[in-house]
Structure formats: C-alpha cells, structure tokens
Student: 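Structure in structure tokens, see below.
So you know, we letter chains A, B, ... as the sequences are listed, proteins then strands, and number each from 1.
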Number of protein chains: 2
Amino acid sequence: MVEFSGSDGFGMTGDLSDLVVNTPRHFPRGYSIYQAGEKGGAWRVVAGTVRLDRGQDGDGNDALASLAVVGDIIGAETLLFGRYTFTARALSDCTLIPWNEYGERPGHEGLLKALARAEQRFADILALRTGRAADRVARLLSIMSFGVVGRRTLAGQVLPRLRDIAEITGLTIETVSRTIKQLRGEGLPGLTDGQSTAEKEKDASGR
Amino acid sequence: MVEFSGSDGFGMTGDLSDLVVNTPRHFPRGYSIYQAGEKGGAWRVVAGTVRLDRGQDGDGNDALASLAVVGDIIGAETLLFGRYTFTARALSDCTLIPWNEYGERPGHEGLLKALARAEQRFADILALRTGRAADRVARLLSIMSFGVVGRRTLAGQVLPRLRDIAEITGLTIETVSRTIKQLRGEGLPGLTDGQSTAEKEKDASGR
DNA sequence: CGAAGTATTGAAAAGCATCAAAAGTGGTGG
DNA sequence: CCACCACTTTTGATGCTTTTCAATACTTCG
C-alpha cells in the first residue's frame, strides 16, 4: 500500500516542508491518488484533472463517477465517513492540496461551494456523452485544457490514455483514436481555451 | 407563476412556511417546481423523481443536469446563493418537503450527506448513457421505480414522457418508443436484469 | 530483449438517428 | 357534447455513425 495519507505532511515522499499545513502534492498522469475504502481526507485540485470511479461495473471495468478539474474538491465524503467512497486517478499530471481551510475543518460555506461546484461539473460531464464522437472528444479536451499548465494538451502532446477518453465519453478506444486523428487533421479546433465559438467554426468547415 | 397548494389543503405561498415548517408539497408529473434564477429554498424529495436542467443547450432544448429521487436534496445551492441555479420539473408525480432540519438551517452533517448522495446519484445517471438502448431505458425505469408508489411504473402505466426519457438516456424519442414496446413484449425483464435486488423484492411483494 | 500495455487501421455489421406520416391524447371553447 | 388544436406516441423505411472483430505497430519498463 502506498502511503500518501495525512495532511500533516509526515511520511511524504520527497516533499519539502513538513511544517506547512497545506502542502501541495503532485501526481503524474495515470497515478492512483486513492482507492475507495481507504482512510484519508479531502483534497482540492489546483492543477490537472482527476478521474473518480465507482467500483466495478460487472465487466471488470471501472465505472466513471465524476471528474474533477482545477478548483474542485475531491474526497469530501471522508469528512462524513472517514473513508473514500470512490477511487481517484490522475488523468493528467496534477497537483492537489489537502482541503482543510486555514488548518480547520471546512465550514458551512466551503461545503456549499463544493456542492455547487460538483453539480456544475456533473452537468459538464453528462454533456460529454451527448452528440457525435468528434464533438464529445473535443469537449472533453476543452474541459481538461483548463487544468493543464501550458499548452501541451492543446498541442495534443500530453493527452490522457485513449482508454480513459473512451470511458469518459462513452465511446470505444478505436473510435477515439480515429476521432483524434481527424481532429488533428483539422488543426484541433475548439481545443484552445474557450470552446463554443471555435466549435462552430469546425462544424462550418465540414469534415 | 402558478402556486400549487399542498395536498393537505394549506394554500402555501412560500412565506407562510415559517409557521408550518415541514409541509409536504405535491407536484403532478410534468409540473415545474422551480426555475433557475428564482428565489427559494432547498427541498427534500420524499416521493417521485425530479429532473434538474441547466439552461438551454443552444438548440433550445434544456440540458439535463441531474435527477433527484427519494431522499435526495434539491436546491441546496440556495443556501449559498439565495437563488436556484437549475430548473426543476417533476418527472413523475412527486412530493417534496422544505429542507430545514428541525426548523433550522441544515448543519454540517446534513450538507455532507447531501453531497455524498448527490455524488452517488451522479454516477447512476452517468451510467444511463452507456450501453444499449434497452439497457439504458430499463435502468432509468429501475432507478425511478424506487420513487414510485405502487407498481405503476413497472407496469408501464405512469411513465414519464418519452421526450424526458429520451433526453435523460441520450436517445431519441423514436428509439425510446421502440425500446419500451420491446421491453413490454419481454415482460420488462430488463428491470430485474442487471442490478437491483430491490426490484425483485418489489415484484415479489406485489405493491 | 521481451512482455504487457497502448495505439492505429481496416472491413463488415449492428445499432441508432433521421425523416416522414399517421394515430392517439388531453384540454379548450363553441 | 363535439370539434378542434397542440402535443405526444407509434410505426416504417433508409442510411449514417459507431461498434465489433481482427491484425499490426508503437511504447514503456523490468
């Protein structure tokens, strides 16, 4: 079992200060941040994108539960249960900090904000499963681009695994592969930080 | 704006709810519970299913944001903003009570529970957009059956509008129509099929 | 180097969307 | 009570999108 727990900073691998309460933690793409059932606390995403999964879906595949991008809180349920109910993995390189505002338990307002953010995020994710393959993938990359430092995602360099993209968008790996190839050919429209305007240009240009 | 009175005969206009703390309100299928932007408070769903929508999706159609079934809280964001961020409609006949625990603002634990429930619900709804049409529709009806008194939904009598089912599952109305016809012909096997033990209990106990 | 995972590509088929039209349903006013 | 309207549901025919199956390359890492 990999020990990354604790907001006190003890036992952290290669981190600088044990004294600071909110020590940022960095996770590379694909890294498992925590597993469902483990003890631990809540985190705030300050860079990158995190994927949350709910156990197995019967075929041995994890079933996507949610995504978290910059500003989102993950693992808030630990404040109630003490354990995680979902499994978290880094979709892209990402940075988290323990979510304990000013060293104390998050208050009323903090919880409400987290809830409101979660609801908004969910509507975004749900929309990723509507429309054509090209639109879905482009939308996902657009959402993720907010959480990527620099333009790597925009340039198509540091994409998540196709398998992750496929599971999030509800497509197959093959379709995602073909879709990304197509998007590259079109110059990746819509991937630059907004989305809607560039999206329409793509539609107009044909494919 | 139409004021719908509770089934108990109280003619509520919202302001009087200071006196009667937890007065249940009943809404018929299709009824608009609240609109995004309106002032109001949070509710707990005690019967039926509520659909939450986020504004227009560009084509004039509401974009599904979430569903709420028995036990779920809707409109919690009003505790922070004072106004609703989503629009709520009754997918089936449903009953709500104002969410103010013991006449006070919901506390820390109540909020955490609401958040945890919302996250679970998200995962359920996301799953409704994966797999084949027949599975999706059957899963939705399964989720909703928890909130329907009696077996009407199982018997196919008091279904939501096909349009709602279509928008929730990400299918077209035509496909949903054909799918439901097929499920009926099969005796609705899909409803017990994948997951819910409660489904089978419901069938066995016979309303 | 070899193994395991990951990505690409093709061809064929399944599934669903689309378009179109008819039939059913509920509510309103004459 | 009926005619009428708006909306919803059903059904058919057709074709596009995506999946499926299969085979091959590319990457990463012990």
Side-chain angles (χ1 to χ4, degrees), chain A residues 2 27-32 51 57 59-62 89-93 128-141 152-153 155-186 188 202-203 206-207, chain B residues 2 4 27-32 51 57 59-62 89-93 128-141 152-153 155-186 188 190:
Chain A
V2 190
F27 299 89
R29 187 188 82 151
Y31 204 89
S32 176
R51 169 183 171 166
D57 69 350
D59 297 338
N61 291 321
D62 282 344
R89 274 182 32 230
L91 256 195
S92 59
D93 291 2
L128 292 178
R129 301 213 174 174
T130 308
R132 298 195 195 178
D135 296 329
R136 296 194 205 177
V137 173
R139 255 184 266 135
L140 171 60
L141 297 183
R152 312 212 97 121
T153 298
Q157 297 305 315
V158 194
L159 290 173
R161 294 183 313 166
L162 293 197
R163 182 175 167 187
D164 285 317
I165 298 178
E167 289 176 5
I168 292 168
T169 56
L171 301 167
T172 61
I173 294 173
E174 294 95 329
T175 299
V176 172
S177 175
R178 287 182 252 258
T179 298
I180 288 180
K181 180 185 177 187
Q182 174 196 336
L183 289 176
R184 283 203 178 105
E186 294 171 359
L188 289 175
K202 180 197 63 185
D203 280 346
R207 50 195 77 186
Chain B
V2 184
F4 211 81
F27 299 90
R29 186 188 82 152
Y31 203 86
S32 177
R51 169 184 171 165
D57 69 349
D59 297 339
N61 290 322
D62 283 343
R89 274 181 35 229
L91 256 195
S92 60
D93 291 2
L128 291 178
R129 303 218 173 170
T130 307
R132 298 193 185 170
D135 295 330
R136 296 194 205 178
V137 173
R139 256 183 266 136
L140 172 60
L141 297 183
R152 310 215 101 122
T153 298
Q157 295 305 315
V158 194
L159 291 173
R161 293 185 313 167
L162 294 195
R163 183 177 166 187
D164 285 317
I165 298 178
E167 289 176 5
I168 293 168
T169 55
L171 301 167
T172 62
I173 294 173
E174 295 94 327
T175 299
V176 172
S177 176
R178 286 182 251 259
T179 298
I180 288 179
K181 180 185 177 186
Q182 175 196 334
L183 290 177
R184 283 202 180 106
E186 295 170 358
L188 292 174

Student: Dump the pairs, protein N or O against N or O of nucleotides 25-29 of chain D, anything under 3.5 Å, distances to one decimal.
Tutor:
none

Student: How close or far is atom C1' of C:dT6 from atom CD of A:E167, stated in whole angstroms?
Tutor: 13 Å
Student: Tell me whether the side-chain N/O atoms of B:K181 come closer than 4.0 Å to OP1 or OP2 in D:dT10.
Tutor: no
Student: Do A:T169 and A:R139 have a side chain donor and acceptor closer than 3.5 Å?
Tutor: no
Student: Please determine whether a side-chain nitrogen of the Lys or Arg among A:R161 and A:D164 lies less than 4.0 Å from a carboxylate oxygen of the Asp or Glu.
Tutor: yes
Student: Among C:dT9, C:dT6, D:dT8, which nucleotide has an atom closest to any side-chain atom of A:R163?
Tutor: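 Closest nucleotide to the A:R163 side chain: C:dT6.
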Student: Taking N or O atoms only and anything under 3.5 Å, show me the protein contacts with nucleotides 18-24 of chain D, one pair per line.
Tutor:
unit_1, atom_1, unit_2, atom_2, d
D:dT18, OP1, A:A133, N, 2.6
D:dT19, OP2, A:T172, N, 3.4
D:dT19, OP2, A:T172, OG1, 3.1
D:dT19, OP2, A:T175, OG1, 2.4
D:dT20, O4, A:R178, NH2, 3.0
D:dC21, N4, A:E174, OE2, 3.1

Student: Can you see which heavy atom on B:L171 is nearest to which on B:R136, and at what distance?
Tutor: CD2-NH1, 3.6 Å
Student: Quick one: A:R129 CZ to C:dC16 C1', roughly how many Å, whole number?
Tutor: 17 Å
Student: In sequence, state the C-alpha distance, the side-chain angles, and the governing distance for B:T179 and B:I165, and then conclude on side-chain contact (heavy atoms from CB on, under 4.5 Å).
Tutor: CA-CA 11 Å; B:T179 298; B:I165 298 178; over 6 Å; no
Student: Which whole-number value in Å describes the distance from B:I173 CD1 to C:dA20 P?
Tutor: 16 Å
Student: Using side-chain heavy atoms (C-beta onward) and a distance below 4.5 Å, is B:L141 in contact with B:L159?
Tutor: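 With C-beta onward as the side chain, the pair touches.
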Student: Using whole Å, what does the distance between atom C1' of nucleotide D:dT9 and atom CZ of B:R161 come to?
Tutor: 12 Å
Student: Looking at every non-hydrogen atom in both residues, tell me the closest pair between B:P28 and B:A90 and how far apart they are.
Tutor: O-CB, 3.4 Å
Student: Between B:R163 and B:E167, is the closest basic N to carboxylate O distance under 4.0 Å?
Tutor: yes
Student: Rounded to the nearest Å, what distance is computed from the CG atom of residue B:L159 to the P atom of nucleotide C:dT25?
Tutor: 14 Å
Student: Ignoring hydrogens, what is the shortest heavy-atom contact between A:I168 and A:R129? Give both atom names and the distance.
Tutor: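 For A:I168 versus A:R129, the nearest heavy atoms are O-NE, 3.1 Å.
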Student: Starting at CD1 of B:I180 and ending at P of D:dT8, how long is that distance when rounded to a whole Å?
Tutor: 15 Å
Student: Taking atom C1' of C:dA7 as reference, at what distance in whole Å does atom CG of A:D164 sit?
Tutor: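 From A:D164 CG to C:dA7 C1': 14 Å.
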Student: For a quick test of reading the model, state the closest non-hydrogen atom pair linking B:R29 to B:L91 and the distance between them.
Tutor: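 For B:R29 and B:L91, the tightest heavy-atom pair comes out as CG-O, 3.1 Å.
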